[in-house]
Amino acid sequence: MSRMRLGSPWRWVVLVVGVAGWQAWASWRHDPFFPAPSAIIAQMHQMWFSGPAAHLFLTADATGNILPSLGRIIAGMGISIALGVPIGIAAGRSRIMAGYVDPLLQFARAIPPVTLAPVFIVIFKIGTQMEIATIVFGTIWPILLNTMAGARSVDPIQVETARVFRLPWHERLTWLVLPASLPKIFAGLRLSMSLALILMVFSELVGSTDGIGYEMNNAANAFDLTTLWAGIVLLGILGYLLNTVLIVVENRVLAWHRGARQLAT
Amino acid sequence: MLEVTNLSHTYQRGGVVHTAIDGVTFTVADGELVSIVGPSGSGKTTLLRCIGGLLTPTSGSIVLDDVPVRQVPDGLAVVFQDYSRSLYPWLTAVDNVALPLRRKPLRRAQRRGAALAALATVGLADSADRYPWQLSGGMQQRVAIARALACDPVLLLMDEPFGSVDAQTREDLEDLILRVSRSRGIMILMVTHDIDESVYVGDRVIVLTRGPGRVRAELLTGLPEPHDQIKTRELPAFVRLRAQVGRLVRGSPPAPDGSGRQEGHADHS
């Protein structure tokens, strides 16, 4: 049996076939709710990517909506990491700390962030702050919990090695606990990244005056299906790109982990 | 000098009470390499952990260079049996070796220099920038030994260090430890279950009884220097010693009052 190489060209086969099928169907059907891919792409180009070369071909619409949305995702993830990782490590290494944190954690993580959106609107008013708060509230839990799990599962022999060589606590943190927890932390990051995208769109639907979600909401209200679909496709592309960036970073940072695991199997 | 006096430790977990060692007494002189051998369950690892300050014994005392050991003492280094879990996989060999040196006020270049020197001692200068998982088992254990030597310890504890490597590598590592002992003059305490190894490597062999562990016998090996894997192991003195230790390890349970300690030494012919 011939080995089908999963190199670059072949991975896209399913997507290409799907899109081609859709195009054929839409040309035949002319359904207003499912415009043809060619129309969607044309709309995307016209709305966002037909700007001057100096602005990387981005239109004013793009810089006014796509960039703020991206900014909110990055800010939200950044805050979640800045809070989630330290607390996760402290709770993972200290049983006392875990005892304090855990009940609160289990309570808070069960609350769907979307239900808290009205609360955040009251606290932060409409705008970027409210959206970042929503994103943080949704993305911090996978990061925190995974960091806790990672910090808790540091190999006891490695810990004993640090004890025997009398490493001070800050050296232990930097050279033992943090690297040992990184694989699980990255798993948490990937979960959170996809959540961040979803929460960004949602919070923009209810509490914003710009952004991709805001644009999509307006388009839906005006029955501008083509723009709505353009937004959907853009979100898919953004999600894919963000995930890819994360994977590239993970592969650089965790090269040692892959190497060690390969040997173990 | 290391003085262990009447050391006992009893584990209590839940309702289970288990005395691992009961009244162990011995000394290690400066520059001496002492093997500790005994049947499984004789508390060898417990003994080592108490001496290393990782465990607080229920009774007895440990004095290292006139300072009582209450927690991990200064000048201690340990080589664990499981090197693959003791070396940090996210650090290269040289960074692993340099890690204990972070405690000292050295500059980065000095740390790296000391680490490279230690790696050269164990013959791994070329593998400095490789990761542990890129090295064979024997090489990894050598990195662990280099790491132990890099911080210039006074006392080196080794817990069945060569149990996880193949026989060929084991011989090389035994000779390495002998070289280190002769050239550096540090106290080495090596726990092993391999009777041949205990006699070949040790200046003195301490035999523990079955659990709860006590010192059953201490033997001076006194084999002629330098030790050679083939020649030394052929010597009648070696064979006699080995048999003696073997009988002691297999022997009957200790006398109820904890005596039965024998002083013995090899006779050369």
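For the numbers below, each heavy atom of this structure counts, side chains included, while hydrogens, waters and symmetry mates do not. In what follows, chains are A, B, ... by sequence order, proteins preceding strands, each numbered from 1. Since the model is a prediction, treat every value here as computed from it, not as a measurement.
- Among all heavy-atom pairs drawn from L87(B) and Q158(A), the shortest one is O-NE2, 4.0 Å.
- Looking at R49(B), the atoms closer than 4.5 Å to chain A (heavy atoms on both sides) all sit in the side chain, from C-beta outward.
- For L254(A), no part lies under 4.5 angstrom from a heavy atom of chain B.
- Shown here for R85(B) and D155(A), the closest heavy-atom pair between the two residues is NE-OD2, 2.8 Å.
- Interface remark: P73(B) contributes backbone atoms only to the contact with chain A (heavy atom separation under 4.5 Å).
- Against chain A, the residues from residues 88-102 of chain B that qualify, each with a non-hydrogen atom under 4.5 angstrom away, are Y88(B), P89(B), W90(B), L91(B), L99(B), P100(B), R102(B) in number order.
- Atom-to-atom distance recorded for R103(B):CZ and E171(A):CD is 10.5 Å, nearest 0.5 angstrom.
- Contact of the L76(B) side chain with the R166(A) side chain is not registered, since no non-hydrogen atoms from C-beta on lie closer than 4.5 Å.
- Taking both residues in full, the closest heavy atoms of A255(A) and W133(B) are given as O-CZ2, 4.3 Å, listed atom of the first, atom of the second, then distance.
- For L15(A), the CG atom counts as densely surrounded, since its 6.0 Å shell holds more than 12 non-hydrogen atoms of other residues, nucleotides or ligands.
- Residues V78(B) and E160(A) have side chains not in contact (no heavy-atom distance under 4.5 Å, counting atoms from C-beta outward).
- The minimum heavy-atom distance between V164(A) and V72(B), with the atom names listed, is O-CG1, 3.4 Å.
- The OH atom of Y131(B) sits 14.0 Å away from the NE2 atom of H257(A) when rounded to the nearest 0.5 Å.
- What you find for T161(A) and S86(B) is that their closest heavy atoms are OG1-OG, 3.3 Å.
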